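The shown structure was predicted, so the numbers you read here are calculated from the model rather than taken from an experiment.
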Amino acid sequence: MTAVDSVSVIVPATTANLGPGFDCIGAALTLYNEFTFTRVDLPPYQGGETAKVIISVTGAEAERVQTDERNLLYQAFVKLYQHLGQTPPPVEIEIKLGVPLARGLGSSATAIVGGLVGANVLAGEPLSQSQVMELAIAMEGHPDNVVPALLGGCRLAATGVEVEPPRRHRRAAASGTVERQEWEICEVPWCENIVPVVAIPDFELSTKEARQVLPSQVSRADAIFNTAHLGLLLRGLETGNGDWLRAALQDKLHQPYRKALIKGYDVVNAAAINAGAYGMVISGAGPTLLVLTDTINAEAVAAAMSAAWRSQGISPIVRSLGIDTQGARSFY
């Protein structure tokens, strides 16, 4: 493809973990950030250094987004050019926010994926989608948010089989100069009758804080528990079997430790179940709470979650969403 001068990239929000699928499963949601990248001739800074980026932001919490070279979207943009061994062009970036910041809905993943996809298009698409995905996973540190943000749908990610490099590369691999990070990505069928409902509170929870409360080791019994329930979750999502989903959404690796960081968790959970939800989980690292229910009960579940959290002094935004099946897409 010939390089273009401007491109817009739309990237969906994501929900990760889905209970027992800690750090390996995620789904793209019908909630979006939009990023536009335009090549420009920028005036020099004071002192003579050439300006590199101009960033403007609109949408909720726009004032909290960094508008200089520290911006994660721009860092991802630069990362792709560095990977190509090229100097990134001066660029003007417009950000339209639709995904809440620091709420467990993959806002950082949208920035990483958006920056990489935008740079790849401006550079003439030298990288394949799988190569962009590898860069995104490397930047994020784990695949559960960036993979569905890029590809859409519900995705399970696992490291692939290590393949010994060809003989001529073995010496380089032994010295650490050859990077080999292979991933197997499995699309998880999602029954159309399963509705994800998100309750987004008016407070934040940092991923760092959410990870600090996790134990460094777990028991064999808890590991077996999560393995069994992840398998059941995959079948429940595919079939829409409510009994399977009610059992499958249980977890013993992260939610028992993290829920104490989320005010009103047990109250909201009880309200959602009583209104007809299959179960409730923490979306990503939280504090957004995600419920899976059916189309008949979705409206009642959303109303119950909102009322329950408001009874605890929290003002949430509660929305019934769908599963985005397209992932990141670009327009130019």
Side-chain angles (χ1 to χ4, degrees), residues 8-17 26-38 53-78 91-118 136 139-141 144-146 148-150 196-211 258 261-265 268 282-291 302 305-306 309-310 312-322 324 327-329:
S8 293
V9 183
I10 295 177
V11 188
T14 53
T15 183
N17 301 329
L29 301 174
T30 52
L31 195 65
Y32 303 94
N33 281 339
E34 181 176 349
F35 313 107
T36 299
F37 305 83
T38 304
V53 62
I54 295 176
I55 301 174
S56 60
V57 189
T58 58
E61 303 178 296
E63 70 283 353
R64 298 182 52 218
V65 177
Q66 293 176 318
T67 55
D68 55 24
E69 294 173 27
R70 295 171 296 173
N71 182 282
L72 181 59
L73 178 72
Y74 181 68
Q75 290 178 358
F77 181 86
V78 170
V91 64
E92 182 175 352
I93 300 175
E94 299 175 48
I95 300 173
K96 296 179 181 178
L97 294 176
V99 180
L101 303 174
R103 297 296 203 283
L105 288 169
S107 60
S108 64
T110 70
I112 290 171
V113 169
L116 292 173
V117 170
M139 285 195 70
E140 179 81 335
D144 50 350
N145 280 306
V146 293
L150 178 64
V197 179
V198 294
I200 309 166
D202 56 357
F203 62 88
E204 296 180 9
L205 178 59
S206 73
T207 301
K208 181 179 179 180
E209 182 182 3
R211 287 193 176 273
R258 287 175 166 172
L261 302 175
I262 302 174
K263 180 180 178 181
Y265 178 96
V268 177
I282 300 171
S283 181
T288 291
L289 299 177
L290 171 80
V291 155
M305 293 178 75
S306 178
W309 231 342
R310 289 182 186 280
Q312 303 298 301
I314 305 299
S315 298
I317 298 172
V318 184
R319 296 184 61 178
S320 296
L321 300 173
D324 174 273
R329 48 266 203 194

4.5 Å side-chain heavy-atom contact, [X] and [Y]:
X: S108; Y: L72; result: yes
X: W309; Y: P201; result: yes
X: T30; Y: P12; result: no
X: Y74; Y: E69; result: yes
X: L289; Y: V198; result: no
X: I200; Y: P316; result: no
X: V291; Y: P196; result: no
X: L321; Y: V197; result: no

As a quick check of understanding, evaluate side-chain contact (heavy atoms from CB on, under 4.5 Å) for I262 and I282, giving each step before the final call. CA-CA 9 Å; I262 302 174; I282 300 171; 3.9 Å; yes
Closest heavy-atom pair and its distance - [X], [Y]:
X: S107; Y: L101; value: OG-CA, 3.9 Å
X: V318; Y: S306; value: CG2-CB, 3.7 Å
X: L73; Y: A111; value: CD1-O, 3.2 Å
X: V99; Y: L31; value: CG2-O, 4.0 Å
X: A16; Y: N145; value: CB-OD1, 3.5 Å
X: I112; Y: A76; value: O-CB, 3.5 Å

When T67, V91, V65 are each screened for side-chain contact (heavy atoms from CB on, under 4.5 Å) with I55, the one that passes is T67
Begin from the C-alpha positions of N17 and D144 and carry the test side-chain contact (heavy atoms from CB on, under 4.5 Å) through to its verdict. CA-CA 7 Å; N17 301 329; D144 50 350; 3.4 Å; yes
Does [Y] offer a backbone N or O that forms a donor-acceptor pair with the side chain of [X] under 3.5 Å?
X: Q75; Y: R70; value: yes
X: N33; Y: T110; value: no
X: R329; Y: G327; value: yes

Could you please spell out the steps behind the side-chain contact (heavy atoms from CB on, under 4.5 Å) verdict for L29 and T14? CA-CA 5 Å; L29 301 174; T14 53; over 6 Å; no
Heavy-atom neighbours of R211 CZ exceed 12 at 6.0 Å: yes
Can you name the side chain to side chain donor-acceptor pair (under 3.5 Å) partners of Y265, sequence neighbours left out? none
Charged N-O contact under 4.0 Å between E209 and R258: no
Is it true that E61 and R103 make a salt bridge, defined as a side-chain N closer than 4.0 Å to a carboxylate O? yes
Say you draw a straight line from [atom1] of [X] to [atom2] of [Y]; how long is it, rounded to the nearest 0.5 Å?
X: K263; Y: F203; atom1: NZ; atom2: CZ; result: 8.5 Å
X: I95; Y: N71; atom1: CD1; atom2: CG; result: 4.5 Å
X: I317; Y: T288; atom1: CD1; atom2: OG1; result: 9.0 Å
X: K96; Y: T58; atom1: NZ; atom2: OG1; result: 6.5 Å

Could you check whether S283 and T15, counting side-chain N and O atoms only, form a donor-acceptor pair closer than 3.5 Å? yes
With under 30° as parallel and over 60° as perpendicular, where do the rings of F77 and F37 fit, or are they tilted in between? parallel
Check step by step if side chain to side chain donor-acceptor pair (under 3.5 Å) holds for Y32 and D324. CA-CA 10 Å; Y32 303 94; D324 174 273; 2.7 Å; yes
